[in-house]
Amino acid sequence: MTSERRQLIRRLFLSTSGFLGFSLLAFFCIVALCAPWLAPPPAGRDPYLMPVVEWSPNPQPPSSEYIFGVAGKRNIYYGVIWGTRSAFRVGITVTVISTMFGLLVGAVGGYFGKIVDEVLMRITDIFLAIPFLVAAVVMATILGPGLDNVIRALIFFSWMFPARLIRGNILQIKEEQYITAARSVGVNHVGIIVRHVLPNSIFPVLIQASMRMGSLVITAAALSFLGIGARENYADWGGLLNYARNWMLGGGGEVLRYWYMVVFPGAAMVLFVLAWNLVGDALRDVFDPRLKV
Amino acid sequence: MSVMDNYILQVHGLQVTFTDIERNEIHVVDGVSFSIKQGETLALVGESGCGKSVTSLALLRLLDGNGRIRGGNVLWQGRDILSLPLREVRSLRGREIAMVFQEPSSALNPVYTIGDQITESMLRHQKVSPAQAKKQAEEMLRLVGIPEPRKRLEEYPHALSGGMKQRAMIAMALSCRPRLLIADEPTTSLDVTIQAQILELIKELQKRFHMAILLITHDLGIVANMADRILIMYAGKVVEEGNKQDIFRRAAHPYTRGLLNSIPRMDQAKGTFASIPGTVPDPAHFPEGCRFHNRCGEFTETCLSEPGKIHLENEHFVLCHYPLGQKTLGCRAK
């Protein structure tokens, strides 16, 4: 058994997508953990507030002092480094909480069926009918700026996906004879769901969660870009892009004159999303029985 | 039925219905009554779809989905399981009444080791530490004849063969020393040689633990080998009840006789096998009166009315207007 498990882990890390994904993820983790050393914050200040480094509001191209350049009087490098933490915070918090809530709704609906299922799934339908980004924009506007409110808004409109997925899986698993067998030895409903149904149906949800992690970070960045996400000057990739809003079309006849304002935070975002998608892919390759040769 | 204390389980007039897609109620089990004595084996025999398995699930209220118990009672040592709070039913399940299922490969959860699954009901019902439970589980595996039990405890179901899995299922069911074991076609999915071993094992453990068995099967060979008393079910009703001799030597219901005649025999002349014409009726459209009348050779107008239960001798009952004579039968017990 242990050898089988070892093989599983090997397949997970040594596939191309798995290796790339986990390496990228590890890189981001290290950056997030080492932020205080990579970009030391000024003493006695909130490190998540990007300090002012220049007095001119004009962007400045990368230089030896500010290797990613300067935008909105702030060091882009500093924002990218500390923004990694914000990205993890948004991604992980939203994914974990929305997945757990979705699991609860989907599991209860799928397992108990009948009227309980009907009610829960119709509520899910209502939430699914609202366009995700619009809903998030409205919700974030109502709650006001701040990363915590972004997180709340995203949780509020993303629990339906795991709920749907887990419900379908549970409908399938609960017909299995080992569920009846477990009931026949006196296991109660909670025990059946937690110990017998979920372990057999949770992998697709975990895979979906890791894939969703990336897209949530994009959505959070979109909100920040629109100015309804993180507070102004908060270290956040979307917030950095917000500085670029007025400069994106270039200037002085050069379209790409201020490329660094978009490229560095944008690259961070793209790689972050890519990392999670690759990890999700690798997980699916390993755990999805339909893809097993 | 003189000494009531002898019976550990008594079922009276059990009614189970299913709801179909048009919300019609379908009576799958219709007024089934029987009782089981301490330590005996009662066989519940019938074709597929006659309500055997549903009956067995209903006893422990394990029916799910749209199966509903509509009437009757199930007395377990004087207490009606059907009206007990669910919590108390749960404490009976596995501890006093345990089940073994037909398909060992789907009745074991693929994500847990054999040891985890055997200890689950012990940890739930007995005051034992996980280490003690594991020790007992190992003992149980040894008892059901699994070699290297310690190693097997750590293995997952897919690593065991069908016969081994069924042995593990039996170990699981017996881990809390139940007083009644419900075995729902315990050997149907196994090879004939393994079947014999498993049946022997069940018999041996029955003696050892002094438990009663409700054996559900359609295989009369197994019945002849295992049962003390036999219940023949047809279309949701018990049509004949009696001890082994009564059923195999003096079967009174035409259906029972049809079943017995359709067993191929070595001394039979060449030719086609005997069989009962027609098929089991759809539970949504059971025939009026005697439910067997459209397949029965003894059919008359009278059969369109509901037959009553006739007491033939000791414990031999039949549900038929024209029970067959007691002497003419040529069929014999194995």
Side-chain angles (χ1 to χ4, degrees), chain A residues 1-8 103 107-118 166-207 283 286-290 292, chain B residues 19 53 56-57 59-66 86-113 116-125 151 154-159 165 168-169 172-176 178 181-182 184 189:
Chain A
M1 290 312 97
T2 37
S3 76
E4 229 166 77
R5 206 165 284 165
R6 214 175 295 138
Q7 213 187 359
L8 204 76
L103 274 181
V108 168
Y111 181 75
F112 291 103
K114 294 182 193 153
I115 185 77
V116 182
D117 189 34
E118 200 66 28
I166 196 75
R167 172 182 174 267
N169 287 324
I170 283 179
L171 285 182
Q172 187 190 347
I173 296 296
K174 79 169 182 180
E175 299 300 323
E176 296 282 343
Q177 205 173 41
Y178 54 77
I179 300 302
T180 315
R183 288 171 62 212
S184 84
V185 298
V187 183
N188 57 21
H189 288 310
V190 177
I192 294 282
I193 295 184
V194 174
R195 272 183 53 82
H196 292 273
V197 176
L198 282 185
N200 281 293
S201 50
I202 202 156
F203 274 117
V205 177
L206 296 184
I207 293 161
L283 285 173
V286 171
F287 289 114
D288 192 338
R290 276 165 300 187
K292 249 176 216 162
Chain B
T19 317
S53 295
S56 74
L57 290 174
L59 296 185
L60 277 174
R61 287 172 52 187
L62 286 170
L63 289 169
D64 56 356
N66 50 22
L86 203 56
R87 169 184 289 274
E88 288 181 42
V89 179
R90 262 187 224 123
S91 82
L92 284 180
R93 291 176 186 164
R95 187 167 56 92
E96 305 245 307
I97 305 177
M99 291 187 80
V100 172
F101 293 87
Q102 181 171 355
E103 195 74 57
S105 37
S106 57
L108 289 168
N109 192 332
V111 302
Y112 291 111
T113 61
D116 283 339
Q117 304 193 50
I118 297 179
T119 50
E120 178 163 30
S121 80
M122 289 195 242
L123 292 173
R124 200 161 283 276
H125 296 304
K151 196 172 139 232
E154 308 298 330
E155 283 184 359
Y156 287 85
H158 70 86
K165 271 184 235 178
M169 274 298 297
M172 216 172 126
L174 300 190
S175 60
C176 292
L181 178 71
I182 300 175
D184 188 352
S189 61

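Chain identifiers are assigned alphabetically (A, B, ...) following the order of the sequence lines, protein sequences preceding nucleic acid strands; residue numbering begins at 1 within each chain. Not measured: the values here are computed from a predicted model.
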Undergrad: Sort B:Ile97 into side chain, backbone, both or neither according to what part of it lies under 4.5 angstrom from a heavy atom of chain A.
TA: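 It is the backbone, since no side chain atom gets that close.
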Undergrad: Of all the heavy-atom pairs spanning B:Ala107 and A:Ala181, show the shortest one and how long it is.
TA: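 Residues B:Ala107 and A:Ala181, closest heavy atoms: O-CB, 3.5 Å.
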Undergrad: Please flag which part of B:Leu108 lies under 4.5 Å from any non-hydrogen atom of chain A: side chain, backbone, both or neither.
TA: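 Answer is backbone: N, CA, C or O of B:Leu108 sit under 4.5 Å from chain A.
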Undergrad: Checking B:Ser106 against chain A: side chain, backbone, both or neither under 4.5 Å from a heavy atom?
TA: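 When you check distances to chain A, atoms from both the backbone and side chain of B:Ser106 fall under 4.5 Å.
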Undergrad: Just verifying a value: how many Å separate A:Ile192 CD1 and B:Asn109 CG, rounded to the nearest 0.5 Å?
TA: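 Atom-to-atom, A:Ile192:CD1 and B:Asn109:CG are 9.5 Å apart.
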Undergrad: Evaluate the side chain to side chain contact (heavy atoms under 4.5 Å, CB included) criterion for residues B:Gln117 and A:His196: first the C-alpha distance (whole Å), next the side-chain angles of each, then the deciding distance (0.1 Å), finally the verdict.
TA: CA-CA 10 Å; B:Gln117 304 193 50; A:His196 292 273; 5.6 Å; no
Undergrad: What's the shortest heavy-atom distance between A:Arg183 and B:Arg93, and which atoms?
TA: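 Smallest heavy-atom distance, with atoms named: O-CD, 3.0 Å.
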Undergrad: So, B:His125 side chain and A:Val185 main chain: donor-acceptor pair closer than 3.5 Å or not?
TA: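 Yes; judged by distance alone, with no hydrogens or angles, the pair exists.
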Undergrad: When only pairs under 4.5 Å are counted, which of B:Met99, B:Glu103, B:Glu120 shares the most heavy-atom pairs with chain A?
TA: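 Winner by heavy-atom pair count: B:Glu120.
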Undergrad: Between CG of B:Asp184 and OG of A:Ser184, what distance do you get to the nearest 0.5 Å?
TA: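 Rounded to the nearest 0.5 Å, the CG-OG separation comes to 11.0 Å.
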Undergrad: Quick one: what part of B:Arg87 sits under 4.5 Å from any heavy atom of chain A, side chain, backbone, both or neither?
TA: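 When you check distances to chain A, no heavy atom of B:Arg87 falls under 4.5 Å.
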Undergrad: So, for B:Arg124 and A:Asn188, which heavy atoms are closest and what is the spacing to 0.1 Å?
TA: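 For B:Arg124 versus A:Asn188, the nearest heavy atoms are NH1-N, 3.9 Å.
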Undergrad: Considering non-hydrogen atoms only, spot the tightest contact between A:Pro199 and B:Tyr112 and give its length.
TA: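 Taking A:Pro199 first and B:Tyr112 second, the nearest heavy atoms are CG-OH, 3.5 Å.
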Undergrad: Check B:Pro110 against A:Tyr178 and note the closest heavy-atom contact, atom names and distance.
TA: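 Looks like CD-CE2, 3.4 Å.
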Undergrad: Using heavy-atom distances under 4.5 Å, tell me whether B:Leu63 contacts chain A through its side chain, its backbone, both, or neither.
TA: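 For B:Leu63, backbone heavy atoms alone lie under 4.5 Å from chain A.
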Undergrad: Which heavy-atom pair separates A:Arg195 from B:Asp116 by the least distance, and what is that distance?
TA: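 Answer, listing the atom of A:Arg195 first, then B:Asp116: NH2-O, 4.5 Å.
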